[in-house]
Amino acid sequence: DNPDHLDAGLSYTNQGWEMLLETNNGLLTYRKEDGAAGSELVPDLATAMPEVSADGLTYTFTMRQGVMFSPPVSREVEPSDLKFSLERLFRIDSPGVDFYTDIKGAEAYGKTRKGGISGIVADDAAHTITFTLDQADGTFLNYLALAFAFVYPKGTPDKDVSTIPDARVATGPYMFKEYTPKHDITIVRNPSFKQWTPDSPNGHLDEIDVQIGVDPERAANMTAAGQLDWSFEPIAPDRFAELKAQYPGQVFNFVRNNTTYFSMNERKAPFDKLAVRQAVNYAIDRKALVKIFGGQGEPTENILPPGFGAAYVKHDLYPFDPEKAKGLIRQAGAEGAHVDVFSHNTDPAPKAAQYMASVLNGIGLKATVKLLDESVYWDTIATQKGDPQIAFNDWNQDYPEGQDFIDVLLNGERIVDVGNNNQSNSNVPELNALIDQAKAMQVGPQRDAMWADLDRRFMAEDAGWAPFMNRTFPKFVSSRLHGLVFNTSYYELFTSMWLQQ
């Protein structure tokens with residue numbers, strides 16, 4: 001489908017990030033390898049990992065010299081460009097601003113948008129940039145590897161630059177040459193790029209032509225016919241067994257740290273009542289939902305995925321019990337309440353939404369399904385104005401740590417009007433305080449134990465989610481495509497791919 005944005009400050013979907021990773025850079029990146037090695041933070045625009053003060057509040061980086069912006073800017077990247085880019089996030093209502101609000105002065109700047117962020121000091125002469133935080137955060141370095149922290153040149157417009165060719169400026173091996181929404185994207189080599197580390201590779205492909213609007217079923221047929229090399233979307237669920245048997249060397253299964261779920265908006269009836277949210281969790285047959293996805297995943301009621309190690313402790317709070325769910329609906333006085341179930345229009349999500357509507361009807365509510373084009377869906381449900389009562393949701397890790405799910409998606413202190421990732425509007429002061437306590441801890445066993453406890457408590461005491469699956473992402477590629485690398489942090493890497501006729 002159409003990517004949400006080709007602007008790193010605004011994009012928050014797999015499609016956008018997979019392409020932006022090849023065109024832009026931040027201070028840090030994750031090692032461009034598959035498996036556990038792909039979770040290791042390494043320098044990118046920085047020459048080395050930062051100097052960190054004893055209190056964990058100040059981070060000082062030296063930035064590489066000689067890194068160039070693509071045409072038409074065609075000049076060297078400076079520390080002040082990065083400061084500008086991070087401040088720009090607040091001016092464009094980026095969904096990523098929450099990652100950077102602990103920088104000293106950032107929260108105030110987000111309100112006034114005047115005077116800059118005092119906790120970011122850029123020294124172009126010394127080629128350094130320093131960050132000072134209001135409070136310690138054990139995963140601050142991970143935020144600097146996210147697409148939101150990619151650098152754009154000073155003067156980039158304070159609006160979506162996805163369709164502004166001269167503003168889609170790159171630093172990486174590739175650049176966007178053309179973009180026609182709902183039709184196609186052309187990605188070509190960046191003539192200004194010179195490789196500076198193994199984790200900023202040149203890439204093997206000279207051009208990547210992206211066709212928009214090809215659904216998984218058609219993509220499978222085109223690949224089998226030799227008309228397509230790779231697709232963003234997983235294999236259509238009903239085609240997986242057939243393709244695996246017929247093309248065993250062309251089907252690959254990618255396991256991401258993913259949780260697929262329905263978010264219930266606690267600010268809107270009937271989901272403003274805990275009993276209704278708990279009823280939904282009892283009423284859904286998670287195995288049936290996994291079946292809708294062609295068995296491409298494992299059922300879950302956890303917030304965190306199993307790949308998060310000790311932070312993941314499986315719980316079983318909501319065994320399938322429709323009768324108990326009906327009783328909770330009656331207890332809440334919610335019988336007959338009208339509910340719109342929102343989903344995007346890319347299969348099999350609409351089928352999951354139809355299933356949810358049937359479940360809600362079965363326990364005493366009156367549900368209908370509302371579908372939006374995926375190109376606008378994620379932006380819409382991330383606003384208070386557009387946030388529906390209940391919505392299909394799908395979260396893949398931004399970085400490999402429990403904070404990325406529990407804090408980013410459920411901390412009530414993060415709720416905003418636009419770019420809101422807490423789409424259930426969960427806001428439990430006691431749990432918010434525990435999240436803040438965990439964030440201040442060093443990454444390790446004690447912090448993992450806090451995330452595991454919060455996972456259970458959110459599901460038991462708040463139940464703003466109905467998680468149902470940890471997805472896998474099988475891909476069917478052409479016989480001539482090689483070099484697939486499934487990076488846990490960045491998905492599949494275009495720079496690793498190569499073709500052989």
* Can you spot which of Asn2, Ile185, Leu6, Leu10 makes a side-chain contact (heavy atoms from CB on, under 4.5 Å) with Ser162? =>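 The residue from Asn2, Ile185, Leu6, Leu10 that satisfies side-chain contact (heavy atoms from CB on, under 4.5 Å) with Ser162 turns out to be Leu6.
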* To do: Name all pairs fulfilling the salt bridge (Lys or Arg N to Asp or Glu O under 4.0 Å) condition that reach into residues 486-501, sequence neighbours left out, sorted by first residue then second.
  =>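 Non-adjacent pairs meeting salt bridge (Lys or Arg N to Asp or Glu O under 4.0 Å): Arg256-Glu492, Lys475-Glu492.
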* Asked: Pairs in or reaching into residues 159-180: which pass salt bridge (Lys or Arg N to Asp or Glu O under 4.0 Å), with residues at least two apart or in two chains?
  ->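 Qualifying pairs, neighbours excluded: none.
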Atom [atom1] of residue position [X] - does it have more than 12 heavy atoms of other residues, nucleotides or ligands inside 6.0 Å?
| X | atom1 | value |
| --- | --- | --- |
| Glu51 | CD | no |
| Glu207 | CD | yes |
| Gln250 | CD | yes |
| Glu217 | CD | yes |
| His183 | NE2 | no |

Check whether the side chains of [X] and [Y] place a donor and an acceptor atom closer than 3.5 Å, and report yes or no.
| X | Y | result |
| --- | --- | --- |
| Asp124 | Ser80 | yes |
| Tyr143 | Asp98 | no |
| Tyr30 | Asn142 | yes |
| Gln397 | Asp404 | no |
| Asp44 | Ser200 | yes |
| Asn422 | Ser424 | yes |
| Asn393 | Gln423 | yes |
| Asp455 | Tyr312 | no |
| Glu374 | Thr346 | yes |

Non-neighbouring partners of [X] that pass salt bridge (Lys or Arg N to Asp or Glu O under 4.0 Å), sequence neighbours left out:
| X | value |
| --- | --- |
| Asp137 | none |
| Asp158 | Arg91 |
| Asp347 | Lys351 |
| Asp4 | none |

Heavy-atom closest pair, residues [X] and [Y]:
| X | Y | value |
| --- | --- | --- |
| Glu22 | Glu18 | CG-O, 3.6 Å |
| Gly213 | Arg218 | O-NH1, 4.3 Å |
| Asp206 | Arg189 | OD1-NE, 2.9 Å |

Going by the rule ring-ring contact (aromatic ring centres under 6.0 Å, His included), which residues pair with [X] if we only count those two or more places apart in sequence or in a different chain?
| X | answer |
| --- | --- |
| His127 | none |
| Tyr59 | Phe140 |
| Phe473 | none |

What I'd like to find out is whether the side chain of [X] reaches to under 4.5 Å of the side chain of [Y], using heavy atoms alone.
| X | Y | answer |
| --- | --- | --- |
| Leu45 | Arg64 | no |
| Thr300 | Tyr261 | no |
| Leu372 | Asn345 | no |
| Leu141 | Met49 | yes |
| Val67 | Asn25 | no |
| Ser231 | Pro216 | no |
| Ser118 | Ile103 | no |
| Tyr152 | Asp7 | yes |

* Can you list the steps and then say if Thr260 with Asn258 is a side-chain hydrogen bond (donor to acceptor under 3.5 Å, both in side chains)? -> CA-CA 7 Å; Thr260 305; Asn258 161 277; 3.0 Å; yes
* Asked: Which residues pass the side-chain hydrogen bond (donor to acceptor under 3.5 Å, both in side chains) test with Asp134, sequence neighbours left out?
  ->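 Result, side-chain hydrogen bond (donor to acceptor under 3.5 Å, both in side chains) vs Asp134: none returned.
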* Asked: Sequence neighbours excluded, which residues qualify as side-chain hydrogen bond (donor to acceptor under 3.5 Å, both in side chains) partners of Asn487?
  ->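 None.
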Counting only N and O atoms by type, is there a donor-acceptor contact under 3.5 Å from the side chain of [X] to the main-chain atoms of [Y]?
| X | Y | value |
| --- | --- | --- |
| Asp229 | Ser478 | no |
| Asn302 | Leu304 | no |
| Thr380 | Gly386 | no |
| Arg471 | Trp395 | no |

* For Ile303 and Trp451, what are the C-alpha separation, side-chain angles and deciding distance, and is it a side-chain contact (heavy atoms from CB on, under 4.5 Å)? -> CA-CA 10 Å; Ile303 294 163; Trp451 297 134; over 6 Å; no
* If a pair satisfies ring-ring contact (aromatic ring centres under 6.0 Å, His included) and one of its residues is in residues 228-253, list it, with sequence neighbours excluded. =>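 Only Trp230-Phe232, Trp230-Phe494, Tyr247-Phe476 qualify under ring-ring contact (aromatic ring centres under 6.0 Å, His included).
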* In Å, rounded to the nearest 0.5 Å, how long is the span from OG of Ser11 to CZ of Phe150? ->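 Atom-to-atom, Ser11:OG and Phe150:CZ are 10.0 Å apart.
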* Asked: Would the Phe308 and Phe405 ring centres measure less than 6.0 Å apart?
  ->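 Ring centres of Phe405 and Phe308 closer than 6.0 Å.
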* **Lys32/Asp199 salt bridge by N-O under 4.0 Å criterion** =>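 Result for this pair is no, no salt bridge flagged.
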* Full working for side-chain contact (heavy atoms from CB on, under 4.5 Å) between Asp379 and His5 -> CA-CA 10 Å; Asp379 280 351; His5 303 278; 2.7 Å; yes
* Asked: On the ring face of Phe99, is Arg414 found with NZ or CZ under 6.0 Å from the centre and within 45° of the axis?
  ->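 Yes.
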* To do: Give the C-alpha distance, both sets of side-chain angles, the deciding distance and a yes or no for side-chain contact (heavy atoms from CB on, under 4.5 Å) between Phe468 and Trp465.
  => CA-CA 9 Å; Phe468 63 87; Trp465 285 23; over 6 Å; no
* To do: Quick one: do Tyr174 and Thr495 satisfy side-chain contact (heavy atoms from CB on, under 4.5 Å)? Show the steps, please.
  => CA-CA 9 Å; Tyr174 294 102; Thr495 47; 4.0 Å; yes
* **Candidate pair Glu401 and Thr139, rule side-chain hydrogen bond (donor to acceptor under 3.5 Å, both in side chains), full reasoning** => CA-CA 8 Å; Glu401 213 273 333; Thr139 47; 4.9 Å; no
